[in-house]
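Taking it in order: structure first as structure tokens, then the write-up.
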Amino acid sequence: MNERQDTGSMTVDRQGRVMVLTMNDAGTRNALGLKMMAAGRDALDEATHDPGIGAIVLTGAGGAFSSGGHLNNLYHHGSRSRSENRDGIERFHGWVRAMRECPKPIIAAVEGPAAGAGFSLALACDLIVAAEDAQFLTAYVRVGLTADGGASASLARALPPQLYAELMLTGGPVDAARLHAAGVVNRVTAPGRALDEATAWAQTIAEGPAGAMGRAKKLMELAYGSFATQLARESDLFVEALHHGEAKEGITAFFEKRRPVFHKR
């Protein structure tokens with residue numbers, strides 16, 4: 001059974017036993033707005049409770065996975081209370097938690113950039129298929145912020161300490177081949193083929209025993225320690241960073257298309 005539903009920021013396709021979620025906001029290269037997050041969580045809830053869905057693919061439209069969070073929104077957050085800012089981060093973290101808790105395997109199909117929160121979202125998937133020209137950036141530190149969406153936990157689980165430090169302290173970018181060699185990306189494809197490869201793989205996985213795979217995901221999560229605890233730490237430090245002058249300078253410089261100046265000379 002094939003069906004399609006378009007929420008305006010997320011397209012949901014059912015292709016047999018696979019649900020394909022496509023982030024779709026061409027004007028921002030699929031930045032993660034509240035509408036998209038809500039649509040993503042709703043789709044995951046539907047897939048979780050539908051025995052006809054055996055696997056999920058998450059991708060982005062227009063040749064980009066996701067450019068990350070809306071920096072124009074974050075620019076004004078420094079004047080808001082810490083509790084208001086924490087609520088905004090929690091919306092994103094709720095989506096990430098839903099992905100980690102979903103009993104169905106989730107595959108990211110990455111073309112173009114997966115930056116900041118977009119990279120975190122790809123890492124929250126169980127498997128990653130990426131085009132050879134895809135670019136991954138933690139990006140946060142470039143604008144005076146710290147990671148959210150579980151990136152600090154996901155990368156620590158997967159990478160050698162020096163590469164982990166490089167991504168956290170410089171923001172990247174790093175290409176698909178390097179992450180494939182490090183074991184973060186499962187499969188690398190020709191440009192434009194990531195979604196086809198991920199969907200074909202998902203169709204195969206979806207034929208497996210759903211209960212056993214759901215229990216396997218629980219064991220995988222427990223094996224690494226508390227992801228939820230690290231999300232809470234990320235929220236604390238992200239809000240702290242957002243209220244620091246470095247973030248204001250970094251985000252302002254981004255919009256002014258100049259290099260940020262974090263230290264007076």
Side-chain angles (χ1 to χ4, degrees), residues 32 58-60 64-69 89 92-93 95-97 99-101 105-191 194 197-198 201 205 213 216-238 240-241 246 250 262:
L32 305 179
L58 177 65
T59 194
F65 185 75
S66 173
S67 60
I89 298 166
F92 178 42
H93 284 186
W95 187 12
V96 170
R97 276 195 297 273
M99 293 174 68
R100 302 304 305 178
E101 293 169 2
I106 304 174
I107 305 176
V110 181
E111 299 276 354
F119 190 10
S120 299
L121 201 62
L123 291 166
C125 296
D126 301 298
L127 303 163
I128 300 177
V129 175
E132 59 191 14
D133 58 353
Q135 291 286 306
F136 298 84
L137 304 89
T138 48
Y140 299 97
V141 72
R142 294 181 171 201
V143 292
L145 294 172
T146 54
D148 64 357
S152 64
S154 298
L155 291 173
R157 293 174 176 185
L159 295 177
Q162 283 71 28
L163 181 51
Y164 177 45
E166 179 183 331
L167 285 173
M168 294 293 286
L169 298 176
T170 71
V174 61
D175 61 27
R178 192 175 181 194
L179 288 183
H180 182 253
V184 176
V185 169
N186 297 89
R187 298 183 181 183
V188 178
T189 73
E197 176 76 14
W201 196 10
I205 291 172
M213 287 190 290
K217 284 194 64 169
K218 285 184 180 179
L219 288 173
M220 288 157 55
E221 193 68 17
L222 293 169
Y224 291 110
S226 176
F227 190 86
T229 298
Q230 190 68 2
L231 279 177
R233 293 179 183 134
E234 284 187 347
S235 292
D236 290 340
L237 292 175
F238 192 95
E240 181 179 313
E246 289 176 344
F262 292 120

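Computed from heavy atoms alone, side chains included, the values below leave out hydrogens, waters and symmetry copies.
- A pairwise comparison of heavy atoms in L167 and F119 identifies CD1-CE2, 4.5 Å as the closest pair.
- Considering only heavy atoms from C-beta on, E166 stays 4.5 Å or farther from V174 through its side chain.
- Put simply, CE on M220 and CZ on F227 are 12.0 Å apart, with the number rounded to the nearest 0.5 Å.
- Contact between A108 and C125 at its shortest, heavy atoms only, is CB-SG, 3.7 Å.
- With E234 as the partner, the side-chain contact (heavy atoms from CB on, under 4.5 Å) test is satisfied by one option alone out of V96, D148, I89: D148.
- The line from CG of L123 to CG of L155 is 5.0 Å long, rounded to the nearest 0.5 Å.
- Here the OH-OG1 distance, from Y164 to T138, works out to 10.0 Å after rounding to the nearest 0.5 Å.
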Task: side chain to side chain contact (heavy atoms under 4.5 Å, CB included) assessment of E111 paired with D133 - done: CA-CA 7 Å; E111 299 276 354; D133 58 353; 4.3 Å; yes

TODO: Take T189 and E132 through the side chain to side chain contact (heavy atoms under 4.5 Å, CB included) test and state the conclusion after the steps.
DONE: CA-CA 6 Å; T189 73; E132 59 191 14; over 6 Å; no

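- Residue F65 comes nearest to A109 through the heavy atom pair CD1-O, 3.5 Å, listed as atom of the first residue, atom of the second, then distance.
- Nearest heavy atoms, F262 versus E246: CE2-O, 3.3 Å.
- Distance CD/E240 to OG1/T146: 8.0 Å, rounded to 0.5 Å.
- In this structure, CE in M168 is found 10.5 Å from CG in L159, a value given to the nearest 0.5 Å.
- A distance of 8.5 Å separates CG of L127 from CZ of R187, quoted to the nearest 0.5 Å.
- Nearest heavy-atom pair, A176 versus A131, reported as atom, atom and distance to 0.1 Å: CB-O, 3.4 Å.
- When atom types are taken as modelled, the side chain of N186 and the backbone of V129 share no donor-acceptor pair closer than 3.5 angstrom.
- When side chains are defined from C-beta on, F136 counts as touching V185, because their heavy atoms get closer than 4.5 Å.
- The two atoms that bring A124 and R100 nearest to each other are O-NH1, 3.0 Å, heavy atoms only.
- Side-chain contact annotation: S152 with Y140, donor-acceptor N/O pair under 3.5 Å absent.
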